[in-house]
Amino acid sequence: MSGEKDLEKLLKSMKPEHNLGDYVFCKVGKLENLDLNDVEMFFKEKEAITLILKKEIAERLNLEYSVVMSWITLTVHSSLEAVGLTAAFSKALSDNGISCNVVAAFYHDHIFVGTKDTEKAMGILNAFSS
């Protein structure tokens, strides 16, 4: 199954879910000596490997981070070819002064917002289904 492509259907059925915990973005040069079960997501860029993991794990591993974030998952199965979903929710968040970092995975879109903005972001995202 390739996921939903229709923007109107995606927006009305995205059902955001707040994943409990505090999350941080860190960087490392190599994945060796890391237990990948501790890592929520990683992406290899030419400069470094970006890790997204729980704050307490980053602290245990002595990894530097600059901002503590909340993780919101849009539970609708969106197609990787869907057009406009990221633009729609990121504009709504931006219009309300909320910065977001987005990761699109195979089944869902994942949005990271500052912890102070979690409740407000959830309200904005939930408003799409009203």
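These numbers come from the heavy atoms of this one structure, side chains and all, not from hydrogens, waters or symmetry mates. Residue indices begin at 1 and follow the sequence shown.
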K.L.:
I need the minimum non-hydrogen distance between Glu81 and Lys5, along with the two atoms involved.
P.N.:
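Shortest heavy-atom contact: OE1-NZ, 3.2 Å.
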K.L.:
Between atom CG of Asp35 and atom CG of Leu53, what is the distance when rounded to the nearest 0.5 Å?
P.N.:
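Separation between the atoms: 11.5 Å.
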K.L.:
Is the number of heavy atoms from other residues, nucleotides or ligands within 6.0 Å of CD (Glu56) greater than 12?
P.N.:
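Buried by this count: over 12 neighbours within 6.0 Å.
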K.L.:
Treat each ILVMFWY residue as a node, draw an edge where side-chain heavy atoms are under 4.5 Å apart, and state whether Val102 and Leu10 are in one component.
P.N.:
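Yes, because Val102 and Leu10 connect within a single hydrophobic cluster, where side-chain heavy atoms sit under 4.5 Å apart.
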K.L.:
If you round to the nearest 0.5 Å, how far is CD1 of Ile57 from CG of Leu63?
P.N.:
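So the CG of Leu63 and the CD1 of Ile57 are separated by 10.5 Å.
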K.L.:
Do Lys27 side-chain atoms and Glu47 backbone N/O form a donor-acceptor pair below 3.5 Å?
P.N.:
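Checked: no pair found.
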K.L.:
To the nearest 0.5 Å, what is the distance between OH (Tyr65) and CG (Asp22)?
P.N.:
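If we round to the nearest 0.5 Å, Tyr65:OH and Asp22:CG are 8.5 Å apart.
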K.L.:
Is there a side-chain contact (heavy atoms from CB on, under 4.5 Å) between Ile49 and Leu51? Walk through the geometry before answering.
P.N.:
CA-CA 6 Å; Ile49 299 169; Leu51 305 176; 4.1 Å; yes
K.L.:
Look at atom CD of Glu8 and say whether more than 12 heavy atoms of other residues, nucleotides or ligands are closer to it than 6.0 Å.
P.N.:
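At most 12 heavy atoms, drawn from other residues, nucleotides or ligands, come within 6.0 Å of this atom.
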K.L.:
Got a donor-acceptor contact below 3.5 angstrom from the Glu4 side chain to the Asp6 backbone?
P.N.:
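Yes.
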K.L.:
For Ala105 and Leu80, which heavy atoms make the closest approach, and how far apart are they?
P.N.:
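Shortest heavy-atom contact: O-CD2, 3.5 Å.
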K.L.:
Cluster question for you: counting only ILVMFWY and a side-chain heavy-atom cut-off of under 4.5 Å, with indirect links fine, are Phe128 and Val76 together?
P.N.:
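In one cluster with Phe128: Val76, yes.
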K.L.:
side-chain contact (heavy atoms from CB on, under 4.5 Å), that's the test. Do Phe42 and Leu36 meet it? Break it down for me.
P.N.:
CA-CA 9 Å; Phe42 71 90; Leu36 292 183; 4.2 Å; yes
K.L.:
Please lay out, stage by stage, how Leu74 and Lys15 fare under the test side-chain contact (heavy atoms from CB on, under 4.5 Å).
P.N.:
CA-CA 6 Å; Leu74 302 183; Lys15 294 185 180 109; over 6 Å; no
K.L.:
For Asn19 and Ile72, what are the C-alpha separation, side-chain angles and deciding distance, and is it a side-chain contact (heavy atoms from CB on, under 4.5 Å)?
P.N.:
CA-CA 6 Å; Asn19 301 287; Ile72 300 169; 5.8 Å; no
K.L.:
Please determine whether residues Phe89 and Val113 belong to a single hydrophobic cluster, defined as Ile, Leu, Val, Met, Phe, Trp and Tyr linked transitively by side-chain heavy-atom distances below 4.5 Å.
P.N.:
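Phe89 clusters together with Val113.
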K.L.:
Measure from the side-chain N and O atoms of Thr73 to the backbone N and O of Thr75, and report whether any donor-acceptor pair falls under 3.5 Å.
P.N.:
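Not a single qualifying donor-acceptor pair exists.
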K.L.:
Taking the basic N atoms (NZ, or NE/NH1/NH2) and the acidic carboxylate oxygens, is any pair closer than 4.0 Å for Lys54 and Asp38?
P.N.:
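No, no charged N to carboxylate O under 4.0 Å.
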K.L.:
Compare all side-chain heavy atoms of Thr50 with those of Cys26 and state whether any distance is below 4.5 angstrom.
P.N.:
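When only atoms from C-beta onward are counted, Cys26 and Thr50 do not touch, as no gap falls below 4.5 Å.
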K.L.:
Nearest 0.5 Å please: distance from the OG1 atom of Thr118 over to the NE2 atom of His18.
P.N.:
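Reported value, rounded in 0.5 Å steps: 4.5 Å.
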K.L.:
Please list, chain by chain and in numerical order, all residues satisfying ring pair (Phe, Tyr, Trp, His ring centres under 6.0 Å) with Phe25, sequence neighbours excluded.
P.N.:
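In terms of ring pair (Phe, Tyr, Trp, His ring centres under 6.0 Å), with neighbours along the sequence ignored, Phe25 is linked to Phe112.
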K.L.:
Roughly how far, to the nearest 0.5 Å, is CG of Asp109 from OG of Ser90?
P.N.:
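Rounded to the nearest 0.5 Å, the OG-CG separation comes out at 10.5 Å.
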K.L.:
If two hydrophobic side chains count as joined below 4.5 Å and joins carry through other members, does Ile52 share a cluster with Val28?
P.N.:
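They do not share one cluster, since no chain of ILVMFWY contacts under 4.5 Å joins Ile52 to Val28.
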K.L.:
Does the pair Trp71 and His110 meet the rule for a side-chain hydrogen bond (donor to acceptor under 3.5 Å, both in side chains), with working shown?
P.N.:
CA-CA 7 Å; Trp71 174 10; His110 304 274; 3.1 Å; yes
K.L.:
When rounded to the nearest 0.5 angstrom, what is the spacing between CD in Glu17 and CG in Asn126?
P.N.:
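Output value for this atom pair is 11.0 Å.
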K.L.:
Hey, quick one: are Phe43 and Ile111 part of the same hydrophobic cluster, counting side-chain heavy atoms closer than 4.5 Å, chains of contacts allowed?
P.N.:
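Not linked; separate clusters.
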K.L.:
List in chain and number order the residues that pass salt bridge (charged side-chain N to carboxylate O under 4.0 Å, His left out) with Asp95, two or more places apart in sequence or in another chain; answer none if no residue qualifies.
P.N.:
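Salt bridge (charged side-chain N to carboxylate O under 4.0 Å, His left out) list for Asp95, sorted by chain: Lys91.
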